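Not measured: the values here are computed from a predicted model. Each chain gets a letter, A, B and so on, in the order the sequences are listed, and its residues count up from 1.
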Number of protein chains: 2
Amino acid sequence: MSKPKSITIVDVAREAGVSTATVSNVLNRRNVPLSEDIIRRVEAAADRLGYRRNAMAASLSRQRTNELGLLLPSFGGYFGGFAEACEREAHERGYHLSVFSGSNDPELERRHLDRLLQRRVDGLICHGLAMSPEATREIVRDGTPMVLFNAWSWPEDIAVGTVNLDFKSGVEEAVHRLYERGCRSIFYVGQHKPNTSDPPRYEGFLQGIAGLPGPVTHAYVRADASDFRVTVGRLLQLAGDSRPFGIICFDDLLAFAMMYAGIASGLRVPEQMMVVGMNNHYMTRYSHPTITSMDIPYKDQAELTVRWLISAIDDKPDEWVLERSGGRSRVDIPVKLLMRGSTGDS
Amino acid sequence: MSKPKSITIVDVAREAGVSTATVSNVLNRRNVPLSEDIIRRVEAAADRLGYRRNAMAASLSRQRTNELGLLLPSFGGYFGGFAEACEREAHERGYHLSVFSGSNDPELERRHLDRLLQRRVDGLICHGLAMSPEATREIVRDGTPMVLFNAWSWPEDIAVGTVNLDFKSGVEEAVHRLYERGCRSIFYVGQHKPNTSDPPRYEGFLQGIAGLPGPVTHAYVRADASDFRVTVGRLLQLAGDSRPFGIICFDDLLAFAMMYAGIASGLRVPEQMMVVGMNNHYMTRYSHPTITSMDIPYKDQAELTVRWLISAIDDKPDEWVLERSGGRSRVDIPVKLLMRGSTGDS
DNA sequence: TTGAAAGCGCTAACAG
DNA sequence: CTGTTAGCGCTTTCAA
């Protein structure tokens, strides 16, 4: 029932009184001389019959699918935005992008990857989270080009390129801003569950602390999701009576939670506690006070990622990509620190 | 470079010293008698050679792809969660789900749909937003089964089934709860941009108001995203000095924004203003006070959606689906109201 | 300019 | 139990 003998180019050819080769040529606007008349006839026949190209047959024949696969750890927050930006970029370049979420489950992710390769996607875009580099390499052993995004500390040779967000520098800068605004106790608040995108941020944190003109109390604090007020208690203990103290949070939602837990514990923001988040979530502008955060250049990251991948697929260099990467296999995209109410700005 | 002459079943057959038909039978664990010895030999040969099935060839041959397509208006919030739940359900039933976001752009959505049909997905899951029913019908004119989700007021015959979240009843219940807690002014706060999922909620709102034992001031208020305090001002004007007044917001983020705008305007929550959101976003439990919201049964909605679709693809009824739908073409999945701090509960 | 025909890799009768 | 073979729908030489 679901497939009522679909229309093929054979039908169109018969209807138009030409050969299937001609139909194929017309429909794909190939670079061959075609008479105006034939073109009209074929196109008329095609839509009279309601013909729709069979992409599998086409891909099978011309050894190429024009499909790209994007593997995400989840659809939430940043990843969804990145996926949409990639879809756009891919479309603009004649590719179609299928998106999959591993749901933070390595096994599911493995199956997605395998399936994508069975479908012979022309290229792959993968994040650097759930699966291990080894498992990934094992899967992508064949020649399918892959570009990684936000994959910190992966071997350089596993992909044609890696496009990371430079949270490291962003956090480093945030440390300086907090210091300038009077914080002499600064903490990095990480997620309750370990996460591979945490280390680079903390690294930037330490680097920022090291570059400060004076001494500050600092620490890595893991958030307790069951009750963030417990975490606030821990911060107060560490900060002693240094005020304001500052926290830089793993992401905006955590920043939100921590800020309100602080307020609930009687702290005034930003006078006594300053808060910095990451991702520039829509909500950070609507809280009270508004939250200082880091803006992510989705389009820029997506464009570089997709163009890099396509240049590898076509095996011909893309000048713009080359310029951005400077020949290296990894590019760090800068994030932009937006100072707002939670750090005493505007 | 990207495709180094891939291994086919011909290679495997040669390596194992059997025919391609046998290889195919072994690899697909078809329902044919196979000797243990042959199975071992073929499997050994296959992974010695690093064989990977070519899904296009297989799909082309057996007229079926085992692929489902999911078309979303965006990856954000609820939609991402629904997508992950659908991926899981599909996998459990031997299907693979490709997800696409129309990014709220009808034209992009059209192209996604067309491409999906070119790929001959076995079934389609679509939301009821960006594209019009007419445009959709026009595209899906061939026999590909489609199930809709959250498509309010679409023609019944366009899809094999529709699975909606019953926000209508949820909002209706919320109105009653607010009334019980003392609100004599209750407002529905919608998004600044019109949205097709708004009307059913407002309908539930009106129905709730109508069912109340006494009179209340009520209105539909459109939120002003540029500054939610303006919206709060409007509410104060409408509510006069009736306290507490209650607001039911289009979604949790809006509830967040409105609640903090209210607090910023000097209102105490829940004593003077009560707030209800929708979607049970993770953050609603970490604000201060916590926010009353409606929990969405993702898995339930996804399971029904996917099973309904698959039963149509296979053209054989699924008892569980039939029971849920009672033979009708639309099912409303109840959402669960979770009472929290913003309405004076726990 | 157009068409005939040989695949692309796999599946599914059907024959042995 | 295993192999032969005819497609699936489209692309792409190559010859006409």
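- Taking atom CD1 of residue A:Ile7 and atom P of nucleotide D:dC8, one finds them 14 Å apart after rounding to whole Å.
- Put simply, the side chain of B:Arg88 reaches to within 4.5 Å of the side chain of A:Asp105, judged on heavy atoms.
- Ring pair B:His96/B:His91 is perpendicular by interplanar angle, where above 60° counts as perpendicular and below 30° as parallel.
- Among the heavy atoms of the strands, none lies under 4.0 Å from B:Val23.
- An OP1 or OP2 oxygen of D:dG9 is reached within less than 4.0 angstrom by a side-chain nitrogen or oxygen of B:Gln63.
- OP1 or OP2 of D:dT2 lies within a sub-4.0 Å distance of a side-chain N or O belonging to B:Ser35.
- Computed from coordinates, the B:Gln118 CD to D:dC8 C1' distance equals 17 Å when rounded to whole Å.
- The phosphate of C:dG3 (OP1 or OP2) has a side-chain N or O of A:Ser19 nearer than 4.0 angstrom.
- The ring of B:Phe79 has its center no closer than 6.0 angstrom to the ring center of A:Phe75.
- Side chain B:Thr20 to base D:dG3: no donor-acceptor pair is found below 3.5 Å.
- At a cut-off of 3.5 angstrom, the base of C:dG9 holds no donor-acceptor pair with the side chain of B:Ser6.
- When all heavy atoms are compared, the tightest approach of A:Asn164 to A:Phe149 is OD1-C, 3.8 Å.
- With rounding to whole Å, B:Ile9 atom CD1 is found 12 Å from D:dG3 atom P.
- Residues B:Met56 and B:Ala21 each lie close to DNA chain C; by heavy-atom proximity, the contact nearer the 5' end of the strand is made by B:Met56.
- When the C1' atom of C:dC10 is taken as reference, atom CG of B:Asn25 falls 11 Å away, rounded to whole Å.
- Using a 4.0 Å heavy-atom cutoff across all strands shown, B:Ala58 reaches sugar-phosphate atoms only and no base atom.
- For C:dT11, the OP1/OP2 oxygens have a side-chain nitrogen or oxygen of B:Arg53 closer than 4.0 Å.
- Note: A:Tyr78 and A:Tyr298 have parallel aromatic rings, judged against thresholds of 30 and 60 degrees for the angle between ring planes.
- As a whole-Å value, the separation of A:Glu36 CD from C:dT2 P is 11 Å.
- Look at CZ on B:Arg14: it is 12 Å from P on C:dG9, rounded to the nearest Å.
- Considering only the side chain of B:Ala57, C:dC10 comes nearest among D:dG9, C:dG3, C:dC10.
- Checked against the 6.0 Å centroid threshold, B:His127 and B:Phe82 do not count as a close aromatic pair.
- Listed pair A:Thr22 / C:dT2 fails the phosphate criterion, with no side-chain N or O lying under 4.0 Å from OP1 or OP2.
- Contact annotation: A:Asn28 side-chain N/O to D:dC10 OP1/OP2 distance is not under 4.0 Å.
- In this entry the distance linking CG of A:Asp37 with P of C:dT2 reads 8 Å, nearest Å.
- Taking the side chain of B:Leu60 as heavy atoms from C-beta on, and the options D:dC10, C:dT11, D:dC8, the nearest nucleotide is D:dC8.
- Residue B:Asn54 contributes atom CG, which lies 18 Å from atom P of C:dG7 at whole-angstrom precision.
- If you find the closest nucleotide of DNA chain D to B:Ile38 and to B:Arg62, the one lying nearer the 5' end belongs to B:Ile38.
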